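Small disclaimer: the values here were computed from a predicted structure and weren't measured.
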Amino acid sequence: MRKRKKRNWLVELYEDNKLYIWVVVGVLVISGVTIGITVGTTNNSQIVPNVDISYTNEEENIGTTETNTIPVKENKNEKTEKEDNKITHSQKSNTSNEKNYTEEIKEENIVTNEEKEKEENRKLEFIMPLDGQIAKNFSDDTLIYSNTLEEWVNHTGIDIKAEKAIPVKAIEAGIVIGVKQDPRYGYTIIIDHGQGYKSIYCNLSTLDMVHEGKTVEKGQVISGVGDTALFEIKDDTHLHLEIMYNDEYINPLDIIK
């Protein structure tokens, strides 16, 4: 009879319990896989929040920067007070300007009134516009015979005989209000002396020495003697002078000295 060979106890243990051993191995493998998945998931969840936190920090920084650049809103009451102060200052400035303007106007009116009063009170002393003989007198009621018209007419001025181009002077200071060519009396200049007096110079040689609006002084040359008056063309060369007071013809010799 053969003698049975003795087996290793580990082999025997394996053979006797191999079913349980494989179950345990399977459980361990499954547990290992489960643990690996859990660890991976945990790591991923830890990484993602880190990214989100970084992104959130950037957003917070951006928000902080934008907040710093936004101007601080003024309190409505303070803003209203500032606007009211501006309006009040503007109104005060306008009031001051209006006051100054009003004062300037008053001063100008005072000066104008003073000048006007001075002009009204100025004593007028009329002079002859040139040296010469009176060729024809003033005739308001009495008719005078006209050599040119060959009829009896009124003569509302005086004719002063003079050579052609002899200078004609203003009989008093005043303002030129008329420079024209009259169809009857030729080149004519009218001067307003104030206080209702006007002098009219006719049959002149030129109208180029003065213009309307020009101020002239007493004795200032305004033109020369001419022969432009068609209604007196047959008379000797002369200056036809008329004077009006309050729009009525008067005899020049009554006021000329």
Would you compute the distance between atom OG of S223 and atom OH of Y187 and round it to the nearest 0.5 angstrom?
9.5 Å

Where is the tightest heavy-atom contact between Y245 and Q195, given as atom of each residue plus distance?
CE1-O, 3.4 Å

Rounded at 0.5 Å granularity, tell me how far CZ in R184 sits from OG1 in T148.
13.5 Å

How long is the straight-line distance from CD1 of I222 back to CD of Q220, given to the nearest 0.5 Å?
8.5 Å

Side-chain contact test, heavy atoms from C-beta onward, threshold under 4.5 Å: evaluate it for L143 versus V153 and give yes or no.
no

Show every ring pair (Phe, Tyr, Trp, His ring centres under 6.0 Å) that has at least one partner inside residues 146-176, sequence neighbours left out.
Y145-W152, H155-H240

I need the K169 NZ to Y201 OH distance, nearest 0.5 Å.
11.0 Å

Residues 161-168, side-chain donor-acceptor partners within the protein, below 3.5 Å, at least two apart:
none

L239 versus C202, closest heavy-atom pair with distance:
CD1-O, 3.3 Å

Can V176 be reached from L241 by stepping across I, L, V, M, F, W or Y side chains whose heavy atoms are under 4.5 Å apart?
yes

Would you kindly confirm whether I189 and L230 end up in one hydrophobic cluster when ILVMFWY residues are joined by side chain heavy atoms under 4.5 Å apart?
no

ILVMFWY cluster, M209 and L207 together (side-chain gap under 4.5 Å)
no

To the nearest 0.5 Å, what is the distance between CE on M244 and NE2 on H193?
12.5 Å

Has F138 got more than 12 heavy atoms of other residues, nucleotides or ligands less than 6.0 Å from its CZ?
yes

Is N203 reaching over with its side chain to a backbone N or O of T228, donor-acceptor style, under 3.5 angstrom?
yes

Give a yes or no on whether the backbone of G178 and the side-chain of E212 come within a donor-acceptor separation of less than 3.5 Å.
no

Should the pair K198-E242 be classified as a salt bridge under the 4.0 Å nitrogen-to-oxygen rule?
no

Stepwise, does the side-chain contact (heavy atoms from CB on, under 4.5 Å) test hold for D235 with K136?
CA-CA 10 Å; D235 295 337; K136 191 178 293 185; 3.3 Å; yes

Closest contact, heavy atoms only, S199 versus I171
CB-CD1, 3.6 Å

For D131, is the CG atom crowded, meaning more than 12 foreign heavy atoms sit under 6.0 Å from it?
no

What's the separation between atom CZ in F231 and atom CG in D182, rounded to the nearest 0.5 Å?
8.5 Å

Assess whether atom CD of E151 is packed by more than 12 heavy atoms of other residues, nucleotides or ligands within 6.0 Å.
yes

Given the rule in the side-chain contact (heavy atoms from CB on, under 4.5 Å) test, do I134 and D159 qualify, once you have shown the distances and angles that lead to the verdict?
CA-CA 6 Å; I134 303 300; D159 292 346; over 6 Å; no

Derivation of the side-chain contact (heavy atoms from CB on, under 4.5 Å) call for I255 and I243
CA-CA 9 Å; I255 61 173; I243 294 179; 3.7 Å; yes

Please report the shortest heavy-atom distance between T188 and I200, naming the atom on each side.
CG2-CG2, 3.7 Å

Consider only side-chain heavy atoms of I, L, V, M, F, W and Y, link residues closer than 4.5 Å, and tell whether I177 and I191 are in one cluster.
yes

Determine, using ring centers only, whether F126 and Y197 are less than 6.0 Å apart.
yes

Can you find a pair of side-chain heavy atoms, one from P129 and one from I160, that are under 4.5 Å apart?
yes

Ignoring hydrogens, what is the shortest heavy-atom contact between L253 and I158? Give both atom names and the distance.
CD2-CD1, 3.9 Å

I'd like to check E150 versus K234 (side-chain heavy atoms, cut-off strictly below 4.5 Å). Are they in contact?
yes

Within the structure provided, determine whether I190 and K180 are in side-chain contact (heavy-atom separation under 4.5 Å).
yes

Show, in sequence, the C-alpha distance, side-chain angles and deciding distance for V225 and L204, and conclude whether the side-chain contact (heavy atoms from CB on, under 4.5 Å) test is met.
CA-CA 5 Å; V225 175; L204 299 173; over 6 Å; no

